[in-house]
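My questions all concern the structure below.
Chain letters run A, B, ... following the sequence lines, proteins first and then strands; every chain starts at 1. Because the structure is predicted, anything quoted here is derived from the model rather than measured. In what follows, every heavy atom counts, from backbone to side chain, and hydrogens, waters and symmetry copies are set aside.
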Amino acid sequence: MLDINLLRNNLNEIQNNLQKRGFDFDVKAFEKIDSKRKKLQIQTESLQEKSNILAKEIAQEKNQAVKDSKLKDAKKISNDLKEIKTNLDGALNDLNNFLLEIPNLLSEDVPEGKSEESNKIIYEKGIIPKFSFEIKDHQQLGELSNGINFEESVTIAKSRFVVLRNEMAKLHRALSQYMLDTHTENGYEEIYVPYLVNKNSLEGTGQLPKFEEDSFKISNEEMYLIPTAEVPVSNIYRNKILNSDELPISYVAHTPCFRREAGSYGKDTRGIIRQHQFEKVELVKFVHPEDSETELDNLTKDAEAILTNLNLPFRKVILCSGDTGFSSSKTYDLEVWFPSQKTYREISSCSNFKDFQSRRMKIRIKQSKENILCHTINGSGLAVGRTLAAIIENYQTEKGSIMVPDVLIDYMGGTKELNLPR
RNA sequence: GGAGAGGUGGCUGAGUGGUUGAAAGCGCUCCCCUGCUAAGGGAGUAUGUGGUAAUCCUGCAUCGAGGGUUCGAAUCCCUCCCUCUCCGCCA
């Protein structure tokens, strides 16, 4: 959510900024809603003041006749108040709904562009493997020894789910263990959180009200399956005031993520790149506003370290204005190389939300004069399923086996090669 | 799931219809006193949002959440959420 005072005072600037991401900010509508709110609020509050004063006078009034007449006045005011308050509530609601639909302001250094084609590559790292044989994609490789099974998952659930078996399941687990261990060594506190969250939490991080159709909702409770650990972890401090000496607070959480992927029919139907359920290790930071730029860089580096250590070729891009997410002011994507697709695919998304989420969540920092909103940052470190797919493809051998990356061998109980054809 | 008790400021805790946004204590901040330390004295110390661009000033709201009764609600009524104790069930 944007600062409403900033909106009131910098309308054109904000309109221009939002225009870059293709969002049409309706200045007239805003002014209309806000002036209506202002009028009603002033009316209501002055009426309330009158009512409060009268109530006090009635309490102290000794003369019965005077008291009766004041009671009569108070009764009338009370009735008027009821009506006008309903109107004010409506106006405040309209205003709030209007504000909730406005995306975050973009940082200065976000390149302009409409779609992902305009994302800017910052650098490429690692060596793209050259294969002297005809390569397979991760689905083919996984199915070779029934490590990846899509028929079973359809029986159990439906499409876009997967069953992993045997060493493949173990490698999948090894990956999340390795990521958690690496991040905790780098100063992140490991945290375990609920996978079902209430509506307020989703609103706090910005998934609601705009993206209702993207999430799975429980039918017999007002609860949602988390689309990312960002939601439960960020909301830990909803309605809290933090001390500045405890910042930055850094958390790492490993959770499943559930997404309906409405809007992506037909996309990535092959393999485990786009699933309704996937594992992710998520990094979340609560930081002082002054530090959020550098902390985003730090967090992105921590995510990159996993790719570097796994020897996976990747590149870092900064998302352009049109591709940057609703709540984010600036986002770096890390994209890993997929040999079968001869392209880089997103494996981590690291964003600085500035005070956009903390305003919704009401996370403040204690200050001597006036409390300020903290900044939130998060990023994947990394998406486990996609990392697994990338390893399978990049580490494949001619005979269809998969070499285990050095850093994972211990986690695999010493196994150095898996998926050997039987 | 059943029965009972309860949810008040950073914390403890008083308050059952009328200057109570809230006593008292602890903590914290500032000042004074004091060889140091310890102790003592004084003042201050919730959040949000309006009127303002803003200090000041000032209004309104907030005692788990949302409704209701009333001129007036922390206090009475209803619904929901949560915590504790006992029973049941379960991993």
Pairing nucleotide - B:U79, Watson-Crick or G-U, each distance under 3.5 Å: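 B:A65 is the nucleotide pairing with B:U79.
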Atom P, compared across B:G21 and B:C60: separation rounded to whole Å: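 One P to the other, the span is 10 Å.
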Measuring only the P atom in each nucleotide, how far is B:G7 from B:C11? A whole number of Å is fine.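 Pairwise P distance, B:G7 against B:C11, rounds to 15 Å.
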A:F286/A:Y237 aromatic ring centres below 6.0 Å: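 So the answer is yes for these two rings.
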Rounded to the nearest 0.5 Å, what's the gap from CG on A:L81 to CG on A:L47? Could you check?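 Result: 4.0 Å between the selected atoms.
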Side chain of A:E45, base of B:G59: donor and acceptor closer than 3.5 Å?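 It does, because a donor-acceptor pair links the side chain of A:E45 to the base of B:G59 below 3.5 Å.
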Pairing partner of B:G9 (Watson-Crick or G-U wobble, both distances under 3.5 Å):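 Partner of B:G9: none.
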Establish, yes or no, whether a centroid distance under 6.0 Å links the rings of A:F326 and A:F356.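 Ring centroids of A:F326 and A:F356 are less than 6.0 Å from each other.
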Without decimals, in angstroms, what is the distance between A:D34 CG and B:U52 P?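 Taking atom P of B:U52 as the reference, CG of A:D34 is at 13 Å.
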Given A:D410, A:V404, A:D406, the one that forms side chain to side chain contact (heavy atoms under 4.5 Å, CB included) with A:L408: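 Looking at A:D410, A:V404, A:D406, the match for A:L408 under the side chain to side chain contact (heavy atoms under 4.5 Å, CB included) is A:V404.
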Judged by each residue's nearest nucleotide on RNA chain B, which is more toward the 5′ side, A:K67 or A:E49?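 Its nearest nucleotide lies further toward 5', so the answer is A:K67.
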How many Å lie between CD on A:E221 and C1' on B:C80, as a whole number?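 About 12 Å, once rounded to whole Å.
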Heavy atoms under 4.0 Å, any strand shown: does A:K38 hit a base, just sugar-phosphate, or nothing?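 Touches sugar-phosphate only.
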For nucleotides 63-71 of chain B, tabulate all protein N/O to nucleotide N/O atom pairs closer than 3.5 Å, reporting atom names and distance.
unit_1, atom_1, unit_2, atom_2, d
B:C71, OP2, A:K75, NZ, 2.7

Please check: side-chain N/O of A:R160 versus main-chain N/O of A:K158, any donor-acceptor pairing under 3.5 Å?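 Side chain of A:R160 to backbone of A:K158, a donor-acceptor pair under 3.5 Å: no, none is there.
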Using atom types as modelled and distance alone, determine if a side-chain donor or acceptor of A:T205 lies under 3.5 Å from a backbone N or O of A:V231.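 Not a single qualifying donor-acceptor pair exists.
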Examine B:G50: is either OP1 or OP2 under 4.0 Å from a nitrogen or oxygen in the side chain of A:R8? Give yes or no.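 For A:R8, the contact criterion (side-chain N or O under 4.0 Å from OP1 or OP2 of B:G50) is met.
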Name the pairing partner of B:C36, where a pair is Watson-Crick or G-U wobble with both distances under 3.5 Å, or state none.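 Paired with B:C36, as far as the under-3.5 Å criterion goes, is no nucleotide at all.
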Between B:U85 and B:C80, how far apart are the two P atoms, rounded to whole Å?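 Here B:U85 and B:C80 have their P atoms 23 Å from each other.
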Consider only side-chain N and O atoms of A:E393 and A:S340, and report whether a donor and an acceptor are under 3.5 Å apart.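 On atom types as modelled, these side chains qualify, holding a pair under 3.5 Å.
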How far does the P atom of B:G64 sit from the matching atom of B:G13, given to the nearest Å?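 The same atom, P, in both gives a distance of 15 Å.
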RNA chain B: 5'-proximal contact among A:N52 and A:K362 (nearest heavy atom):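 Result: A:K362.
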For B:A91, the Watson-Crick or wobble partner whose two distances fall under 3.5 Å: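 Its partner: none found.
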Would one find a side-chain N or O of A:R364 under 4.0 angstrom from OP1 or OP2 of B:G48?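 Result: yes.
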Taking atom P in both B:A39 and B:U47, compute the distance separating them and give it to the nearest angstrom.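 These two P atoms come out 28 Å apart once rounded.
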What is the base-pairing partner of B:G50, counting Watson-Crick and G-U wobble geometry with both distances under 3.5 Å?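 The base-pairing partner of B:G50, which may sit in any strand shown, is B:U58.
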